[in-house]
Amino acid sequence: QVQLVESGGGLVQAGGSLRLSCAASGRTFSGYAMGWFRQAPGKEREIVAAINWSGGVTHYADSVKGRFTISRDNAKNTVYLQMDSLKPEDTAVYYCAASFKAEIYSGGYYYLEPRDYDYWGQGTQVTVSS
């Protein structure tokens with residue numbers, strides 16, 4: 001079992017920044033790929049960013065490229081999402097997720113769907129005002 005707890009959400013004006021953190025406990029954190037997803041009201045959950053076990057491979061949704069940065073500190077069992085130049089359309093509940101698969105890419109397939117992840121946090125609300 002892996003327990004994930006997100007923090008760092010809140011209300012920010014457009015153009016501002018937030019840093020989300022996801023603290024993991026339980027099984028060996030460094031063996032998991034990690035992802036950040038978000039879900040806005042009335043919309044499906046979507047990938048924001050993903051990172052492999054070492055931090056050496058990352059993937060971003062087109063909508064956040066150049067504005068968000070995913071990183072991890074395996075010594076602290078924590079994954080981060082730095083969000084800059086926030087826009088009102090970034091408003092959503094943000095979820096941290098862990099995957100048994102250590103990599104986020106294999107055999108031509110990127111593991112970016114919610115079904116590819118095995119453990120989920122409770123979510124943290126991010127609201128960007130215009």
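Everything numeric here is computed off the predicted structure, so don't read it as measured data.
- At least one side-chain heavy atom of D73 sits under 4.5 Å from a side-chain heavy atom of Y80.
- With values rounded to the nearest 0.5 angstrom, S25 atom OG is found 10.0 Å from Q1 atom CD.
- Taking all atoms of both residues into account, the shortest heavy-atom contact from Y60 to A49 is CD2-CB, 3.7 Å.
- For residues 100-130, the set of pairs meeting the disulfide bond (SG atoms under 2.5 Å apart) definition, not counting sequence neighbours, is empty.
- In this structure, K101 and D116 approach most closely via the heavy-atom pair NZ-O, 3.4 Å.
- The same ILVMFWY cluster, assembled from side-chain heavy atoms under 4.5 Å apart, contains both L4 and F100.
- Judged by distance alone, with hydrogens and angles left aside, the side-chain atoms of S63 form no donor-acceptor pair with the main-chain N or O of A61 at under 3.5 Å.
- Across R72 and N52, no two heavy atoms sit closer than the pair NH1-O, 2.8 Å.
- The two atoms that bring I104 and A50 nearest to each other are CD1-O, 3.8 Å, heavy atoms only.
- Linking Ile, Leu, Val, Met, Phe, Trp and Tyr residues whenever their side-chain heavy atoms come within less than 4.5 Å places M83 and V64 in a single cluster.
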Review point. After noting the C-alpha distance and the side-chain angles of V79 and W36, does the key distance pass the side-chain contact (heavy atoms from CB on, under 4.5 Å) rule?
Key: CA-CA 9 Å; V79 63; W36 283 100; 3.9 Å; yes
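- Annotation: the span from S30 atom OG to N77 atom CG amounts to 7.5 Å, rounded to 0.5 Å.
- How far CD of E113 is from CD of E46: 10.5 Å, rounded to the nearest 0.5 Å.
- Residues I70 and Y111 do not share a hydrophobic cluster, clusters being chains of Ile/Leu/Val/Met/Phe/Trp/Tyr side chains in contact below 4.5 Å.
- A24 and V2 make their closest contact through CB-CG1, 4.4 Å (heavy atoms, listed as atom of the first residue, atom of the second, distance).
- To the nearest 0.5 Å, atom SG of residue C96 and atom OH of residue Y119 are 13.5 Å apart.
- Using a distance-only test at 3.5 Å, with no hydrogens or angles considered, a donor-acceptor pair links the side chain of E6 to the main chain of G123.
- Remark: R45 is positioned above the aromatic ring of Y95, its terminal NZ or CZ atom under 6.0 angstrom from the ring centre and at most 45 degrees off the axis.
- To the nearest 0.5 Å, atom CZ of residue F29 and atom OG1 of residue T78 are 6.5 Å apart.
- Shown here for A40 and A92, the closest heavy-atom pair between the two residues is N-CB, 3.9 Å.
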Exercise for review: For the pair K87 and D90, evaluate salt bridge (Lys or Arg N to Asp or Glu O under 4.0 Å) and give the outcome as yes or no after the intermediate values.
Suggested key: CA-CA 5 Å; K87 303 175 180 180; D90 294 319; over 6 Å; no
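- Side-chain N or O atoms of R67 include one that pairs as donor or acceptor with a backbone N or O of S85 at under 3.5 Å.
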**Study point:** Working for side-chain contact (heavy atoms from CB on, under 4.5 Å), residues T124 and V93
**Key:** CA-CA 5 Å; T124 185; V93 177; 6.0 Å; no
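- Side chain to side chain, N74 and Y32 fail the donor-acceptor criterion of an N or O pair below 3.5 Å.
- In this structure, the ring of F37 has its center less than 6.0 angstrom from the ring center of Y117.
- Evaluated for a side chain to side chain donor-acceptor pair (under 3.5 Å) with Y94, the options R38, Q39, Q125 yield exactly one hit, R38.
- Note on L112: it clusters hydrophobically with V57, by side-chain heavy-atom contacts below 4.5 Å among ILVMFWY residues.
- Expressed to the nearest 0.5 Å, how far CD of Q82 lies from CZ of F68 amounts to 9.5 Å.
- Residues H59 and Y105 place their aromatic rings such that the two centres sit no closer than 6.0 Å.
- The backbone N or O of S99 lies less than 3.5 Å from no partner atom in the side chain of D118, so there is not a single donor-acceptor pair.
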Under 3.5 Å donor-acceptor pairs involving side-chain atoms of residues 10-20, not counting sequence neighbours:
{"from": "S17", "atom 1": "OG", "to": "D84", "atom 2": "OD1", "distance (Å)": "2.7"}

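- In the hydrophobic cluster analysis, where Ile, Leu, Val, Met, Phe, Trp and Tyr join through side-chain heavy atoms closer than 4.5 angstrom, L81 is grouped together with V126.
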